[in-house]
Q: 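My questions all concern the structure below.
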Amino acid sequence: AQSVAQPEDQVNVAEGNPLTVKCTYSVSGNPYLFWYVQYPNRGLQFLLKYITGDNLVKGSYGFEAEFNKSQTSFHLKKPSALVSDSALYFCAVRDWGGGSQGNLIFGKGTKLSVKP
Amino acid sequence: DTEVTQTPKHLVMGMTNKKSLKCEQHMGHRAMYWYKQKAKKPPELMFVYSYEKLSINESVPSRFSPECPNSSLLNLHLHALQPEDSALYLCASSQEGGLGNQPQHFGDGTRLSIL
């Protein structure tokens, strides 16, 4: 079965410090991986994706993610956190299961809190 | 601003009412989705339309009825809902359904409260 795990319910970071939001996956086919961010009272906003190629993927708002096939991980990173980065972050993987037609499987979400 | 527009933003309805949620996109996307999201939880897929045809119904109760009038519009008709149906309903679209590698683009949702 396809799955994605976000082991941390919440990550706390001081403004200006680097941040990492963790994600691990389990898929039977090629892992198409996505990160989304959700601000309060908003929908999900696409940040970045990994399909193939370079393991370091750069996305919106200064975020990047590193694909690690041996560790089946796709951690989201940012060198210097901003208070405005505080939000709920979802990792997702494309579902290759029969009948799913490639829909997304979401992790449970990680709340990022950046303090001044 | 999101490129997927959902109306209304908020909706309060009684259990006997009939109402509809609307979603519109003009990005030329051929796949459209309805999700239900409870507070601080990930979105749960309800329906998928691919090229204006319903391709996935994730065992959603019949009190939710989707409709795709054309490639830009997606509706969700609501009837006789239960209090547990109170949630944020998100619409999304993508360039293609199925095995594509393109991201889904989400609207800001309709926050639905059932009295």
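In what follows, every chain begins at residue 1, and chains take the letters A, B, ... in the order their sequences are listed. Being a predicted model, the structure only gives us computed values, none of them experimental.
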Q: Could you grab the distance from atom OG of B:S94 to atom CG of A:N103, nearest 0.5 Å is fine?
A: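 That separation rounds to 8.5 Å.
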Q: Quick one: do A:L48 and A:Y61 end up in the same hydrophobic cluster if we chain Ile, Leu, Val, Met, Phe, Trp and Tyr together by side-chain heavy atoms under 4.5 Å apart?
A: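 Same hydrophobic cluster.
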Q: Heavy-atom distance under 4.5 Å to chain A: side chain of B:Q37, backbone, both or neither?
A: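 Just the side chain, heavy atoms under 4.5 Å.
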Q: Just by distance, do the side chain of B:D108 and the backbone of A:R42 share a donor-acceptor pair under 3.5 Å?
A: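 Not a single qualifying donor-acceptor pair exists.
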Q: Side-chain heavy atoms nearer than 4.5 Å, only ILVMFWY residues, links allowed to pass through others: does that put A:L56 and A:Y25 together?
A: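 Result: no, two separate clusters.
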Q: Using a 4.5 Å cut-off on heavy atoms from C-beta on, say whether the side chain of A:N41 contacts that of B:R111.
A: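 Sidechains of A:N41 and B:R111: in contact.
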Q: First locate atom CZ of A:F34, then atom CG of B:N101, and finally report the distance between them rounded to the nearest 0.5 Å.
A: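 The CG atom of B:N101 is 7.0 Å from CZ of A:F34, to the nearest 0.5 Å.
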Q: Can you get from A:I51 to A:F46 by hopping between Ile, Leu, Val, Met, Phe, Trp and Tyr side chains that sit under 4.5 Å apart?
A: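 Same hydrophobic cluster.
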Q: Among the clusters formed by ILVMFWY side chains lying less than 4.5 Å apart, do A:Y39 and A:V21 turn up in the same one?
A: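 They do share one cluster, since a chain of ILVMFWY contacts under 4.5 Å joins A:Y39 to A:V21.
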Q: With the 4.5 Å side-chain cut-off for hydrophobic clustering, are A:V11 and A:V4 part of the same group?
A: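 Yes.
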Q: Are there more than 12 heavy atoms of other residues, nucleotides or ligands under 6.0 Å from atom NZ of B:K38?
A: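 Enclosed.
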Q: Looking only at heavy atoms, what is the nearest atom pair of A:F90 and B:P42, with distance?
A: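 Minimum heavy-atom contact is CE2-CA, 3.4 Å.
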Q: Would you check if B:Y33 and A:L104 make a side-chain contact, meaning some heavy-atom pair closer than 4.5 Å?
A: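 Side chain of B:Y33 against side chain of A:L104, heavy atoms only: no contact under 4.5 Å found.
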Q: Can you say whether A:L88 sits under 4.5 Å from chain B via the side chain, the backbone, both, or neither, judging by heavy atoms?
A: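 Side chain only.
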Q: Who else is in B:L54's hydrophobic cluster (ILVMFWY, side-chain heavy atoms under 4.5 Å, direct or via others)?
A: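 Its cluster partners, ordered by chain and number, are B:L11, B:M13, B:M15, B:L21, B:M32, B:W34, B:M46, B:F47, B:Y49, B:V60, B:F64, B:L74, B:L76, B:L78, B:L81, B:Y89, B:L112, B:I114.
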Q: Taking the side chain as C-beta and beyond, is there a heavy-atom pair between A:Y36 and B:Q104 under 4.5 Å?
A: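 Side-chain contact under 4.5 Å: yes.
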Q: Hey, which residues of residues 107-116 of chain A are touching chain B, say heavy atoms under 4.5 Å apart?
A: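 From residues 107-116 of chain A, the residues near chain B are A:G107, A:K108.
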Q: Nearest 0.5 angstrom please: B:Q102 CD to A:K49 NZ, how far?
A: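 B:Q102 atom CD to A:K49 atom NZ measures 4.0 Å (nearest 0.5 Å).
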Q: So, for A:G43 and B:L90, which heavy atoms are closest and what is the spacing to 0.1 Å?
A: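 Residues A:G43 and B:L90, closest heavy atoms: CA-CD2, 3.9 Å.
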Q: Classify the ring geometry between A:F106 and B:Y35 as parallel (under 30°), tilted (30 to 60°) or perpendicular (over 60°).
A: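 Perpendicular.
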Q: Considering only heavy atoms from C-beta outward, does the side chain of A:Q38 approach that of B:L88 to under 4.5 Å?
A: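 Yes - at least one pair of side-chain heavy atoms lies under 4.5 Å apart.
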